[in-house]
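Data block below; observations after.
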Protein chains: 2
Amino acid sequence: MSVPEEEPRWLTEPEQRTWRSFLTANRLVFDQVERQLQQEAGLPHAYFEILVRLSEAPGRAMRMSELASTSLSSRSRLSHAVARMEEAGWVRRKPCESDRRGQIAELTPEGLAQLEGAVPSHVEEVRSLLFDALTEAQREALLEISDAIIDHITDGDPPWPVVPDGADRPGQPA
Amino acid sequence: MSVPEEEPRWLTEPEQRTWRSFLTANRLVFDQVERQLQQEAGLPHAYFEILVRLSEAPGRAMRMSELASTSLSSRSRLSHAVARMEEAGWVRRKPCESDRRGQIAELTPEGLAQLEGAVPSHVEEVRSLLFDALTEAQREALLEISDAIIDHITDGDPPWPVVPDGADRPGQPA
DNA sequence: CCCAACGGCTTGAGTGTTCAACTAATTCCC
DNA sequence: GGGAATTAGTTGAACACTCAAGCCGTTGGG
């Protein structure tokens with residue numbers, strides 16, 4: 001109804017095509033990842049990511065707020081998610097010693113088993129959806145592009161370290 | 001719980017980094033697009049996309065099933081979404097002449113106004129989130145990569161024509 | 001010391017998405 | 001032509017996410 005006074009900088013035609021393709025590619029990939037994970041392991045991708053982050057943390061435990069930011073989740077979302085996963089027995093909540101406001105989420109053995117059960121087919125799916133479609137040069141370009149976007153948006157303050165520090169097991173995609 | 005018998009093809013370390021960055025970049029971009037559109041125009045991105053597709057269709061009307069596939073929406077999702085947008089007065093349902101099972105969704109003037117009100121700030125957001133982060137070469141690479149992914153997944157049968165055919169107005173991102 | 005501001009986390013209502021089940025019209029094909 | 005299979009679309013229940021509000025702890029001046 002109300003149109004801003006200034007004419008916005010429209011997208012050029014190539015930009016628009018890029019945006020639409022980017023959007024489409026993303027929907028296709030992530031919708032399928034979501035479906036696959038839900039079917040094979042009965043968990044949404046957001047939960048999977050939370051479990052991955054927890055599994056990589058020292059002691060397989062992490063402060064709620066830290067877990068929220070590393071898994072790109074709002075606090076609210078994480079709260080709901082951990083509540084559900086606690087019911088499922090995959091996660092335990094513990095009070096935080098140093099700050100009585102805090103909560104620590106800890107991955108249970110059952111949660112780890114759940115995660116490890118979900119990983120193989122998920123990895124397979126990611127490979128077949130994404131990497132099988134790309135040449136090595138494209139893969140590399142995609143990494144650089146993604147990092148450029150992340151840097152731009154977070155202003156050089158990425159939500160998690162680029163190189164995961166968990167060293168005792170093969171890396172998990174998240 | 002049940003682990004497949006064959007060791008899956010693990011992701012290489014560069015592949016894993018690429019996947020994580022891709023995932024992160026995507027979340028950052030699309031979460032923000034969603035938030036922005038919700039705040040400024042009070043509609044989710046999925047609804048916005050539906051309105052865009054409708055606005056580009058001849059007669060600003062389209063069969064439900066066609067609309068579903070061009071907007072990358074499930075039939076169920078579209079049904080719910082159109083129901084809501086019909087309540088809001090943005091869309092009208094009409095019976096389909098040639099197939100009495102069919103329904104035709106038509107964009108109302110109010111719906112068009114809603115869309116046109118939402119576009120400028122959305123375009124601005126897309127530009128500042130995505131294109132401001134990329135060089136022209138990267139933008140081009142992103143287009144090629146996205147198209148490669150789309151082709152791979154849809155097996156050369158993209159859900160909508162690459163070049164939008166609406167000609168009487170500046171292109172809208174979706 | 002105390003009160004106000006802040007930070008960490010949870011909660012509940014509202015909304016969107018999914019999945020499976022369902023109705024109804026159409027097509028296939030014997 | 002008639003009945004099975006298919007296609008179009010809707011519906012409701014289950015679930016996840018968002019937003020705003022709220023509850024404690026903690027911190028930082030006066």
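In what follows, chains are A, B, ... by sequence order, proteins preceding strands, each numbered from 1.
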Phosphate OP1/OP2 of D/dG9: any B/Ser79 side-chain N/O under 4.0 Å: no
Integer-rounded Å distance: C/dT17 C1' and B/Glu34 CD: 12 Å
Atom-to-atom span, CG of B/Leu43 to C1' of D/dT18 - whole angstrom: 15 Å
Within the 6.0 Å centroid threshold, strictly below: A/Phe30 and B/Trp19: yes
hbond_proxy B/His80 side chain to D/dG9 base (donor-acceptor, 3.5 Å cutoff): no
Sugar-phosphate, base or nothing in reach of A/Ala81, heavy atoms under 4.0 Å: nothing
Residues A/Glu49 and B/Arg27 bridged, charged N to O under 4.0 Å: yes
side-chain N/O B/Arg63 vs D/dG9 OP1/OP2, d < 4.0 Å: yes
Sugar-phosphate, base or nothing in reach of A/Ser76, heavy atoms under 4.0 Å: base
Whole angstrom value for the distance that separates C1' of C/dG16 from CD1 of B/Ile50: 11 Å
Under-4.0 Å side-chain N/O to phosphate OP1/OP2 contact, A/Ser65 with C/dG7: no
For atom CZ of A/Arg84 and atom P of D/dA14, their distance in whole Å: 11 Å
Donor-acceptor side-chain pairing of B/Gln32 and B/Arg35 below 3.5 angstrom: yes
Student check: side-chain heavy atoms of B/Met64 and B/Leu78 closer than 4.5 Å: yes
Residue-phosphate contact under 4.0 Å: B/Arg35 side-chain N/O, D/dT18 OP1/OP2: no
Rounded distance (Å) that lies between atom P of C/dT10 and atom CG of A/Leu67: 11 Å
Sugar-phosphate only, base, or nothing, as touched by B/Ala68 at under 4.0 Å among non-hydrogen atoms: nothing
Side chain of A/Ser74 (C-beta onward), nearest among C/dG16, D/dT10, D/dT18: D/dT18
DNA chain D-proximal residues of residues 88-104 of chain B, any heavy atom under 4.0 Å: B/Arg93, B/Arg101, B/Gly102, B/Gln103
Separation of atom CE in B/Met64 from atom P in D/dT11, rounded to whole Å: 10 Å
Check: B/Leu43 and B/Trp90 side chains under 4.5 Å, non-hydrogen atoms: yes
A/Gln38 or B/Gln38, whichever maps to the more 5' nucleotide of DNA chain D: A/Gln38
Beyond-backbone contact of A/Leu142 with A/Gln138, side-chain heavy atoms, under 4.5 angstrom: no
Closest-nucleotide 5' rank along DNA chain D - winner of B/Arg75 and A/Tyr47: B/Arg75
Side-chain touch B/Pro95/B/Arg100, heavy atoms, less than 4.5 angstrom: no
Under-4.0 Å side-chain N/O to phosphate OP1/OP2 contact, A/Arg77 with D/dT18: yes
